[in-house]
2 protein chains.
Amino acid sequence: MTERPYHHGDLRVALLDRAEQTLRESGVDGLSLRELARDVGVSHGAPRRHFRDKAALLDSLAVEGFHRLADTFARAAAGAAGRPFPVVLSDVAVAYVTFATENPALLELMFTSKHQAEASAELHRAANSSFDQVAGLVDLGQSCGALVDGEVEQVGMTLFAMLHGITSLANTDMIDRDQLPRLTGYAVGSLLHGLAPRHGTDLGAAPGLAGTD
Amino acid sequence: MTERPYHHGDLRVALLDRAEQTLRESGVDGLSLRELARDVGVSHGAPRRHFRDKAALLDSLAVEGFHRLADTFARAAAGAAGRPFPVVLSDVAVAYVTFATENPALLELMFTSKHQAEASAELHRAANSSFDQVAGLVDLGQSCGALVDGEVEQVGMTLFAMLHGITSLANTDMIDRDQLPRLTGYAVGSLLHGLAPRHGTDLGAAPGLAGTD
DNA sequence: ACCTGAACACCGTTCAAGT
DNA sequence: ACCTGAACACCGTTCAAGT
């Protein structure tokens with residue numbers, strides 16, 4: 001690192017890392033390929049070797065985001081393993097909401113429709129790695145009778161869609177941040193047997209969901 | 001209209017109309033202020049009088065989108081007025097899904113987090129006009145006992161979030177288009193009393209979701 | 001194999017000047 | 001009040017040339 005050699009060494013990950021940081025700080029609109037190259041100390045034409053396109057770099061960020069999300073799910077599920085299913089479910093739900101809320105720009109990138117046809121294959125795989133985590137959770141919940149019946153994929157997608165919708169509304173300031181735990185608890189509860197959503201459902205106050213004071 | 005005069009007449013709405021069309025055809029990325037001005041037959045500096053910013057124009061499009069959405073809700077609810085509540089609910093849900101699915105780029109614009117602070121007031125009002133429609137529907141459903149209990153705002157937001165999440169996933173090709181009706185029916189059913197979501201619920205296949213007998 | 005740097009076409013924004 | 005057109009700084013993309 002004393003004197004930069006002609007070859008950067010790992011320009012691809014350097015660009016990706018810097019891009020992720022810029023994304024978090026300035027959103028997608030603040031992301032310029034040229035500035036990225038400047039930040040990393042390389043000429044503006046250099047990124048071309050690693051990303052054919054600006055869109056390609058954005059797609060790679062989205063793929064990375066899905067991998068991190070899958071990781072987050074796995075970690076949350078592992079952390080609550082052995083505890084009653086509702087706790088596991090709500091922990092995973094909170095993990096998603098937290099992740100989505102802390103990385104709004106990344107989430108938008110992941111769930112934006114302008115992905116390249118070529119990248120969509122890899123992106124699809126990456127997204128499925130997240131969905132599979134949810135599906136596994138649904139399977140677990142159904143086999144112990146805590147979760148509502150129905151096709152795994154259908155229940156899982158409903159769960160995912162609810163959480164995604166809630167965080168999306170929160171990220172656009174359409175629901176207050178402090179209503180997030182209650183809404184999350186409510187959504188989760190609506191899929192649990194014997195926990196038909198009603199006012200005062202305690203889930204929102206559970207450890208993990210509460211987290212206010 | 002024979003020879004364009006110096007003053008355009010209604011440049012603001014002309015720009016907005018053209019922008020909406022371009023948005024539908026080419027997405028947000030295909031929207032250039034200069035091209036817009038060209039298309040409308042005006043110099044590239046002209047839009048400045050009506051939109052201080054490109055972002056301001058985008059915000060106006062989003063506001064317009066929320067107004068159209070509120071209209072869509074009202075129309076669907078009026079069209080099913082008098083029929084059993086589940087029918088009304090599913091009609092409204094289908095109306096949302098259809099609207100969101102037919103205007104993916106507009107939806108992204110509406111639920112994107114990069115709105116200007118100044119526009120957010122008007123946007124908030126416009127968004128609330130949509131949410132109020134949903135709240136009214138929830139109120140109706142609860143007072144006739146068909147809809148799950150809970151605070152109106154909470155149930156309404158859950159409903160909205162579910163539908164928004166589902167369409168968002170559909171618009172990014174993460175769920176198959178042909179699974180949309182079933183998923184929508186499933187989501188709607190999960191908020192109806194005595195219609196606990198289960199495999200084979202007929203909701204999705206019926207006209208509008210129907211299947212209420 | 002990887003990077004540079006000039007070149008090109010296109011932006012968004014600003015602002016004096018025109019009508 | 002509304003629009004024009006030159007000017008400016010910045011892009012993304014391409015490609016010969018360098019190492």
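Proteins get letters first, then strands, A, B, ... in listed order; numbering begins at 1 in each. It should be emphasised that the depicted structure is a prediction, and the values quoted were computed from it without experimental measurement.
dC11(D) atom P lies 15 Å from atom NZ of Lys54(B), rounded to whole Å. Leu58(B) has its CG atom 14 Å from the C1' atom of dC11(C), to the nearest Å. Here the C1' atom of nucleotide dA16(D) and the CZ atom of Arg49(A) are 12 Å apart, to the nearest Å. The CG-C1' distance, from Asp10(B) to dC3(D), rounds to 15 Å in whole Å. Distance CG (Leu36(B)) to P (dT13(C)): 13 Å, rounded to an integer number of Å. As rounded to whole Å, 5 Å separates atom P of dG12(D) from atom CG of Leu33(A). Rounded to whole Å, atom P of dA1(C) lies 17 Å from atom CG of Leu11(A). With rounding to whole Å, Leu57(A) atom CG is found 15 Å from dC11(D) atom C1'.
With contacts defined as side-chain heavy-atom distances shorter than 4.5 Å, the pair Leu107(A)/Tyr96(A) qualifies. Under the 4.5 Å side-chain criterion, counting only non-hydrogen atoms from C-beta, Gln142(A) is in contact with Val152(A). Using a 4.5 Å heavy-atom cutoff, the side chains of Met174(A) and Phe131(B) are in contact.
Residue pairs that meet the side chain to side chain donor-acceptor pair (under 3.5 Å) test with at least one member in residues 165-174 of chain B, sequence neighbours left out, are His164(A)-Ser168(B).
Salt-bridge check for Arg24(B) with Glu102(B): failed, with every basic side-chain N at 4.0 Å or more from each acidic carboxylate O.
Considering only the side chain of Ser43(A), dT4(C) comes nearest among dT4(C), dT13(C), dG5(D). Listed nucleotides dC3(D), dC11(C), dC11(D) differ in distance to Glu35(A); the shortest reach to its side chain belongs to dC11(D). Among the nucleotides dG12(D), dC3(C), dG12(C), the one closest to the side chain of Ser32(B) is dG12(C). Closest approach to the His44(A) side chain among dA6(C), dC11(D), dT4(D) is made by dA6(C) (side chain taken as heavy atoms from C-beta onward). If you check dT4(C), dT13(C), dT13(D) against the side chain of Asp53(B), the one that comes closest is dT13(C).
Pairs of Watson-Crick or G-U wobble type, with distances under 3.5 Å, assemble into runs of 3 or more in DNA chain C at these ranges: C:4-8 with D:12-16, C:12-16 with D:4-8.
Nucleic acid contact for Arg38(B): sugar-phosphate only, since backbone atoms but no base atoms lie under 4.0 Å from a heavy atom of the residue.
Annotation: Glu20(A), atom CD; neighbour count of heavy atoms from other residues, nucleotides and ligands within 6.0 Å is above 12.
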Test log, rule side chain to side chain contact (heavy atoms under 4.5 Å, CB included), inputs Glu108(B) and Glu108(A): CA-CA 9 Å; Glu108(B) 275 177 22; Glu108(A) 275 177 23; over 6 Å; no
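Put simply, the side chain of Arg34(A) and the base of dT13(D) share a donor and an acceptor less than 3.5 Å apart.
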